[in-house]
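Note sheet for the following structure.
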Amino acid sequence: MKIAVLNGSPKGEISVTMQYVHFLENRFPEAEFKFFDVALKIKSLEKDEKAFGEVIAGVSSADAVLWAFPLYYLIVCSQYKRFIELIFEKGAAPAFRGKPAACLTTSIKFFDHTAQNYINAVCDDLNMNFFGSYSAEMNDLLKKKERQRLKSFGELFLKAIKEGTPAIRNNKPLIAPEVVFEPRGIKPVNAEGKKILIIADNLDENSNLRKMVERLQQTFSPPAELIQLKDIDIKGGCLGCMHCGFENICVYEGKDGYIDFYNKKVKTTDILFVAGAIHDRYLSSLWKCFFDRSFFNGHTPALQGKQVGFVISGPFNQIANFREIMKASIEMQHSNLTGFVSDDLENSSEINAALQTMASSSVAQSKLGYIQPPTFYQVAGAKLFRDAIFGRLRVVFQADHRYYKEHGMYDFPQKYYKWRMINGILVSLTRISFVRKEFVKRMKKEMIKPTANALRRTE
Ligand SMILES: Cc1cc2nc3c(=O)[nH]c(=O)nc-3n(C[C@H](O)[C@H](O)[C@H](O)COP(=O)(O)O)c2cc1C
């Protein structure tokens, strides 16, 4: 039995993820694993038909495909994303049709589920027989229980391959929107001195996107600044080298235009719009490269306090996973999501109204400095990063550690001494049955007492 492993780490063989695949290789000698470093070699795969053809031939001749990759910004890295785009662009999808597929990720388990949903959807779009996903934490291989779990996953996958078990399809095919957008009815919105920047990847590729972007740009008075990523000198994707962890200095510094662009344009704007077209189940790999390269900021909210909106062409409203990724990303930046406008709406007038609303609310919210309260994404994400940076990731991410200390982000609950004392007393007292009865009786009233005090306050 042959398994084609599509390695999605830009580090190639020297990758944490690949060690998990080698574990499976060792445990199941009856299966032959053939490795393809598609993320590392993306530049040659893009240019060299022969090299790309060899990967596709490897997939064709395999009995199954294993998508094995590290998490990069809630999904796959830009290089892997580009490989997936190439499959469709170069007409290689038939090689994948009907093949059993599984997904294996390594990460610190921040939005591993959205990355796996993405690969599941790509497999469904390729008409593969998707078996399932396995999420390994970076250090799981060191734990006996986790090794046993991974072995079971491997066993079940091999069984499914042998028996040709049909997959349960999780994603319907996407339907491209048919609306031809006609910009109309601009009501000028005074920018009130706010810096407004629209970043698009490439407007030449999509006329609806261009018209929506230009409509939004012209809605502001003065018009918003527009920059296209295709005009920025970006030499390549994030290499995952972690060089930036110490001082927030990227290995590309001084070698391309990305960092200057990010620091001088993106970080200094008040209102930011991300504009792009759907490519498979996300934006383009160029947009993904933009997000990955921002890793030089570490796990800190580099875009804190900004308003961020999205202008998207394509079947946006059919991809809940993509919306979740973007919503969580904005929250993690401590920015405010002003909205998503896509041409996946009923008609042009709905799109015009949505763009108008997004423009005016972005300025109104920016003037007030309004940032929506964090939801589960940010609350849970902050705790996960807090613990990871304080713990075993501190050596690698020393710049994050300094930032977290300076900004009070090490808010461990064991530091709440007052509550630890109150809890100690109340837990002991409520072991006594009549105290517990009285406690339960008074609980509702006691719960709103502090609010009553807050209501009396004027600010
Ligand atoms: C640019 C970048 C982005 C990352 N994004 C995430 C993420 O969104 N969620 C997560 O849990 N881990 C994230 N990680 C951590 C990696 O997924 C993790 O270290 C992985 O095990 C690396 O695997 P590799 O050595 O095979 O490349 C990120 C790492 C890098 C370099």
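All ligand and atom numbering here is 1-based and tracks the order in the structure.
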Hits for ring pair (Phe, Tyr, Trp, His ring centres under 6.0 Å) against Phe110, two or more places apart or cross-chain, chain-then-number order -> Phe385
Applying ring pair (Phe, Tyr, Trp, His ring centres under 6.0 Å) to Phe412 and not counting sequence neighbours gives Phe390, Tyr410
From the list Arg386, His299, Arg394, side chain to side chain donor-acceptor pair (under 3.5 Å) with Asp400 holds only for His299
Open item on the list: Quick test of your reading of the model: are Arg402 and Glu406 salt-bridged, counting only N-O distances below 4.0 Å?
Closed with: no
*Test His22 against Glu13 for side chain to side chain donor-acceptor pair (under 3.5 Å), laying out the working first.*
CA-CA 10 Å; His22 291 317; Glu13 168 51 33; 3.0 Å; yes
Ring pair (Phe, Tyr, Trp, His ring centres under 6.0 Å) filter on Phe181, not counting sequence neighbours, yields none
By chain and number, the residues contacting ligand 1 below 4.0 angstrom (heavy atoms only) are Ser9, Lys11, Ser15, Val16, Thr17, Pro70, Leu71, Tyr72, Tyr73, Leu74, Thr106, Ser107, Ile108, Lys109, Phe110, Met138, Cys238, Gly240, Met242, Phe295
